[in-house]
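Everything below concerns the one structure shown next.
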Amino acid sequence: MKKDDAPLTQNRSIKRNFFIFSLVFFLIIFFGGLAVFVVAMQRIGRNSIKHELTIAVETMKLRLANEVNSELSLAIKMADDPLIKRYFLNPDDPALETMALEGFAAYRRNFKNNSIFWIKDIDKRFYLDGEFAYVVNPDEPGAYWYNRNLYETDTYRFNINYNPWINQTNLWINVPVFDEGRPIGMVGSGIDLTSFINALYHGLDTKMDLLLFNDVNEVTVARDQILVFEKALFSDVIGTASAEITEIAGQLAHAEVRIFSDNNTIYAISPGAKFNWYMVAFTKISAGMLFDPAMTILFAGIMLLVLLIFIVSYGVVVMMTTTMDAQNRELIVLNKAAEAASEAKSAFLAKMSHEIRTPMNTIVGMSDLILREKTSTVIHDYAVGIKQAGGILIAIINDILDFTKIESGKIEIAPVEYEFGPMINDVISIIRSRLNKKPVDFDIDIDRALPGKLFGDVVRVRQILLNLLSNAVKYTNKGRITFTVGGHRNGPEAIVLTVTVSDTGIGIKQKDMDELFSKFTRFDSQTNIGIEGTGLGLAITRSLCQAMGGDITVESNYGEGSTFTVSIPQEVRDPAPFRGLKDIDHKPAGIKFTAPEARVLAVDDMHINLIVLERLLSPFKLHFSFCLSGEEAVKLVQQNHYDLVFMDHMMPGMDGIETVAAIRSLESPVKEIPIVALTANTVLGAKEMFLQNGFDDFISKPIDISRLNGILGKWIPASLKRGTDAAAAAREENPLPEAESPKLIIDGLDTARGLTMTGGTEEGYRNVLRAFLKEAEEQMPLFEQVPGEAVLPLFTIKVHAMKGATATIGAMDVSTSAAELEAAGKAGDLDTIRDRLGIYYKKLKDIMERIGLALDAGPDGALQTDSAGR
């Protein structure tokens, strides 16, 4: 297939893919909806059937109770009648018999069916409606009902029988008559249940059935009344489910209903309220009972609507792709011409760049040869000029070559394992050399927790950093350039480097921001006249960032400066923090002023941090005060005037943010005091968090000397600064020398780093180590066991403080362990603390023992301050 035909093929692919996708989507909706519909209908149908069965059982119980209650009360009253008792005891007394028969007649008129019977236990005769019926022989097998009703009943008993000759079912209420606790006869009434049974089944679903069975397993009420007549057993009628139904019925309270399912048949079971009978309503479930016709029609309608939407959507896609095919055919012709022109341009630039590069390498090489010879000053200067101009031209040629590779899609990312520290050192060294004698401060802020070994295209990373910094050098003639490198983990083996380059240069106009990363674009040509470059640097930088999975952003105010931020994903090969930067750690920047009248307050709960800060501030001749808590700091700023406050973040009691809030709530001029956050919290976004909470600036621990220089230069009032002569005198009196080669060697301690972080002299370093031992000994009890929830906030604050203190003295391994515990403490992760606290405790104890053994006997390294800071 030709490349030009790709759009047409793509349109056909769109139609095919849309059809397949829509069809699959419709089938998923259909079968998924069908499954949900079936399950829902089954559940709703079963619940509806259970509800109907429950209502049927409750109705049976209520109606039967209504039939029985009034008759039962009257039968019990008749059994307690004294006249009837005397008659049963004296059946041969004619007078008693006459009165008793009159009484029976009166009772009979009050019964619903005018039905009454009595049995004198003495003659065993049964009377119905006042006429002799038959003589009961209690010893006959068929008279078991008599024995049960008379001799096994305390109050009353029921029994049901069916009379096939009159097709009538009767419920008999049997109430024994007692004399001094012994039965002397029985009275009762018969209730015609035929109408009750007919009413019970009237309106009932024909697929539903009701049964009433007694405690001897006999069916007593049924739709088929022959079952009652033949005294059919419940187990014979129901089958295997009867055993479980009988067991469930025996466990129920009289008002309770239990639902039971067996072999697609649902049973509702409940006991009678006044007799030992059990009601059962049941029905066999069929598919038709579970599906509601209206819901089925609604579901079918929804599926038809979805199908219609699918058909209409496909028709629209077909129409659109047909139109696009026609447009693409026209664009293909135009695109061919544009591609031919672009390829010709790229080929020309690549060829010319290669052709120019060869003689330019010769020119630069010959310039180097001239500079090696002993020549006159004039010739030497000429050669330097030729070499510098050649270098600029080679850089332009390299940009054009990169541009042609990017345009042709041939740029390649070649990742390798590399050391992070040396790469940053090279970049800083190159930029410092390019600053020459410009009156521009170069501030560097590198997150010291960044991994030492990374995996990525180090050549391209270096090129990105140099492009950004070189741009800042070109367009900044005074002020400062700030180079910040941080990062955040993106998993256990990945990190996103975040590089920020800020300058106080000429800035960029808002109208030019959209075209900033375009190729061959330079803005404000009148202002920037004389500045070399092709305008490709930022375009190449963005392309390289995106090729590595990152990006670049910019913020700028015209006339005030710009800030470029790039993100570059890299793999982590060694998570151990990288070693210090040689240009920062071993070449402390000289002071540019002194301010003996300026008053500075430092607030930190760790004494060692105050000692280090005092040593680093001493060449500036500042009046230095300190305190160990936020509460004391609020009192001091109200009692004394301070030009600058350094405030720790995490402190027990009132932390740094709370302290700043308290100070900002005071009256002017106290609330306008510049406050700089002094913290070991260097994660991405920490600076922004402090600025949002009332701080004016931010400096991380361990303190970088060049960064401290910039902070003091920015916030100490100009009226209190003394010029370069005073600064030179201060350097002579109290210099900041290059870090001595450490004589003190302690296993597990980077003493060279510690010397640099504490001022550069071994005497000062020893004093800091002594202060560290004292601080650590006070904190050790807190680290001996896993903290509870109540102690966790204090534990987190103290381990945070130890993180910064151990980094300051060069115990990076201990500092890293403290950082892990701090993170776990902030997250409330007691399991991680439990796993790692023992390791941290051992590391801290070991380093303390080594420091103690290695230190020489000497004066105590106590911090000297004025009375205001006591």
Under the salt bridge (Lys or Arg N to Asp or Glu O under 4.0 Å) test, residues paired with Lys671 that sit two or more places apart: none
Can a donor-acceptor pair be found between the side chains of Ser502 and Thr482 at a distance below 3.5 Å? no
Of all residues at least two apart in sequence or in a different chain, which pass the side chain to side chain contact (heavy atoms under 4.5 Å, CB included) check with Leu794? Pro652, Leu782, Lys798
Test of understanding: with salt bridge (Lys or Arg N to Asp or Glu O under 4.0 Å), list the residues that count as partners of Asp604, not counting sequence neighbours. Lys701
Using the six-membered ring wherever Trp is involved, compare the ring planes of Phe442 and Phe483 and label them parallel, tilted or perpendicular (cut-offs 30° and 60°). parallel
Lys635 meets the side chain to side chain contact (heavy atoms under 4.5 Å, CB included) criterion, sequence neighbours left out, with Gln639
Is the closest side-chain donor-acceptor distance between Asp643 and His641 under 3.5 Å? yes
Please check if the side chain of Thr476 supplies one atom and the backbone of Val473 the other of a donor-acceptor pair under 3.5 Å. no
So CG of Asp697 and CG of Leu678: to nearest 0.5 Å the spacing works out to 11.5 Å
For the residue pair Leu465 and Ile424, establish whether any side-chain heavy-atom pair is separated by less than 4.5 Å. yes
Do Ser562 and Asp503 meet the criterion of a side-chain donor-acceptor pair at a distance under 3.5 Å? no
Here the pair of heavy atoms bringing Leu720 nearest to Ile716 is CB-CG2, 4.4 Å
With sequence neighbours excluded, what pairs up with Thr796 under the side chain to side chain contact (heavy atoms under 4.5 Å, CB included) test? Met650, Leu792, Glu822, Lys826
Using the test side chain to side chain contact (heavy atoms under 4.5 Å, CB included), find all partners of Arg664 that sit at least two apart in sequence or belong to another chain. Val660, Ile675, Asp696
Using atom types as modelled and distance alone, determine if a side-chain donor or acceptor of Asn693 lies under 3.5 Å from a backbone N or O of Met689. yes
Hydrogens and angles aside, do Thr500 and Thr484 bring a side-chain donor and acceptor to less than 3.5 Å of each other? no
Is Asp443 close to Asp445 at the side-chain level, that is, under 4.5 Å between some pair of heavy atoms? no
Would you confirm whether Tyr840, through its side chain, and Glu820, through its main-chain N or O, come within 3.5 Å as a donor-acceptor pair? no
Ignoring hydrogens and geometry, is there a side-chain-to-backbone donor-acceptor pair from Asn640 to Leu636 under 3.5 Å? yes
Any heavy-atom pair between the side chains of Lys843 and Asp846 that's under 4.5 Å? no
Would you give the length of the straight line joining atom CE of Met423 to atom CD1 of Ile428, rounded to the nearest 0.5 angstrom? 9.5 Å
So CG of Asp648 and SG of Cys627: to nearest 0.5 Å the spacing works out to 10.5 Å
Does the side chain of Ser668 pick up a donor-acceptor pair with the side chain of Glu672 at under 3.5 Å? yes
Whether Ser470 side chain and Leu466 backbone form a donor-acceptor pair below 3.5 Å: yes
Flag the pair Leu497 / Phe420 as yes when at least one side-chain heavy-atom distance between them is below 4.5 Å, and no otherwise. yes
Establish, for the pair Arg722 and Phe593, whether the NZ or CZ atom is under 6.0 angstrom from the six-membered ring centre and no further than 45 degrees off its axis. no
